[in-house]
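FYI, side chains are in, hydrogens and waters are out, and symmetry mates aren't considered; it's all heavy atoms of this structure. What you see is a predicted model; the values in this text were computed from it and never measured. Numbering of ligands and ligand atoms starts at 1, following listing order.
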Amino acid sequence: LQKNLESSETSKPTFSFEFFVPKTTQGVQNLYDRMDRMYQTRPQFIDITWNAGGKLSQLSTDLVSTSQSVLGLETCMHLTCTNMPVQLIDDALARAYESGCQNILALRGDPPVTTGEWKQCEGGFAYAKDLVCYIRQKYGDHFDIGVAGYPEGHPEEEATPQLIQYLKEKVDAGANFIITQMFYDADIFIEWCRQVRQAGIDVPIIPGIMPITTYAAFMRRADWCKIKIPDEFMTKLDAVKDDDQAVREVGTGLIAGMCQKLLKSGYVTHLHMYTMNLEKASMMILDKLGLLTEEDDIFRDEVVPMPWRKSL
Ligand code: FAD
């Protein structure tokens, strides 16, 4: 994955899609259909989230395995180490390995909503960096390993310089790309990237892009992640807040504008879309940015191998 990201530096910006694990069998089938359709747009990879504590772990690894080895999508598996026995981590890594998956996003995980308490299992890991070390020790360079970055702080640590130091520890432990928490203020993100580079972290930084689907979801997510909403976003969205269609259109313009600013900054060549398992909003943004594949190009897939495949 890192090679693919680096090789895209001189060409057209690339993008990827994040999906979460649905709770029902019907939901899983719908997701496979959506992944298949969305893949026609040639994302550089897709990733599958992990339920902290390993709940639904079987379903997560099934999804990773099917998307990588059956659907043939370059897949990144999220893996957390909170409240989870090492055996479960071993099983997940082994299944990812067997399916041909080569990308892991190594995370600590949030505490379970029920207890709200973070717990280190006996013999388990305290931080994401421990999981990064473990994967490197066990699998060498087989996996590209990503870690989470927080341009606007983390609920347990607001200070940016301290968080950047922790981020550096994760990269020094062997991570080779960073995916960030969502944000709406491009200037904050760009300044954070500057500080990350100044700290000597030189792996690709991938911004997490959250589309705006409804006004309520937009406000809820910003509050949940404690991120700043720029005045322009507030004014424009407030004016149309009762009209979902208008919110989506205005939101598309705002997020596409933010992405253009990120791409111009020179720190970013790839956009990671938090799809929330929905198609339309992400597509509208990519379309506005001119990043969607032309219909004629889709047929090239049959004869031309995917340009981002690691084995190429
Ligand atoms: P860490 O980097 O280990 O940091 C955890 C906390 O410990 C931070 O407050 C940090 O400041 C502190 N810390 C780190 N190192 C040290 C140290 N050496 N000494 C003292 N304190 C330290 N959650 C899920 O459950 N499933 C997912 O699939 C998922 N995907 C995510 C994807 C992205 C892109 C992002 C940004 C987050 C995702 N999360 C996911 C949420 C994530 O699990 C939480 O934010 C979690 O609270 C922190 O995880 P981390 O990997 O950043 O942890």
[atom]: the protein heavy-atom neighbour that sits closest, reported with distance to 0.1 Å:
atom	answer
atom 18 (N) of ligand 1	Glu169 OE1, 3.1 Å
atom 26 (N) of ligand 1	Trp50 O, 2.6 Å
atom 44 (C) of ligand 1	Asp110 OD1, 3.2 Å
atom 10 (C) of ligand 1	Tyr166 CD1, 3.6 Å
atom 52 (O) of ligand 1	Tyr150 OH, 2.7 Å
atom 36 (C) of ligand 1	Ala148 CB, 3.5 Å
atom 53 (O) of ligand 1	Arg108 CB, 3.2 Å
atom 2 (O) of ligand 1	Lys170 NZ, 2.7 Å

- Query: To which of Leu107, Val21, Thr49, Ile206 does the heavy atom nearest atom 38 (C) of ligand 1 belong?
  - Reply: Leu107
- Of the listed options (Tyr274, Tyr127, Phe125), which comes nearest to atom 20 (C) of ligand 1 when hydrogens are ignored and any heavy atom counts? Tyr127
Going by distance only, is there an N or O of [X] that falls short of 3.5 Å from an N or O of ligand 1?
X	answer
Ile179	no
His154	yes
His78	yes

Have a look at ligand 1 and work out which part of [X], if any, has a heavy atom under 4.0 Å from it: side chain, backbone, both or neither.
X	answer
Asn51	neither
Phe20	neither
Leu167	neither
Thr80	side chain
Gln162	neither

- Task: Return yes when atom CD of Glu191 has more than 12 non-hydrogen atoms of other residues, nucleotides or ligands closer than 6.0 Å, and no otherwise.
- Result: yes
- Message: Ring centres under 6.0 Å, that's the criterion: do Phe45 and His270 meet it?
- Response: yes
List the atom pairs, donor and acceptor, that lie under 3.5 Å between side-chain atoms in residues 276-291 and the rest of the protein, sequence neighbours left out.
unit_1: Asn277; atom_1: OD1; unit_2: Phe20; atom_2: N; d: 2.9
unit_1: Asn277; atom_1: ND2; unit_2: Phe20; atom_2: O; d: 3.0
unit_1: Glu279; atom_1: OE1; unit_2: Arg37; atom_2: NE; d: 3.4
unit_1: Glu279; atom_1: OE1; unit_2: Arg37; atom_2: NH2; d: 2.8
unit_1: Glu279; atom_1: OE2; unit_2: Arg37; atom_2: NE; d: 3.2

- atom 4 (O) of ligand 1 touched by protein heavy atom at under 4.0 Å: no
- Item | Stepwise side-chain contact (heavy atoms from CB on, under 4.5 Å) test for Ile89 and Cys81 | CA-CA 7 Å; Ile89 292 171; Cys81 52; 3.9 Å; yes
- Message: Students often mix this up, so state it plainly: with edges at 30° and 60°, are the rings of Tyr184 and Phe233 parallel, tilted or perpendicular?
- Response: tilted
- Side chains of His272 and Ser16, donor plus acceptor under 3.5 Å: yes
- Looking at Thr41, Asp47, Leu73, which one forms a side-chain contact (heavy atoms from CB on, under 4.5 Å) with Phe17? Thr41
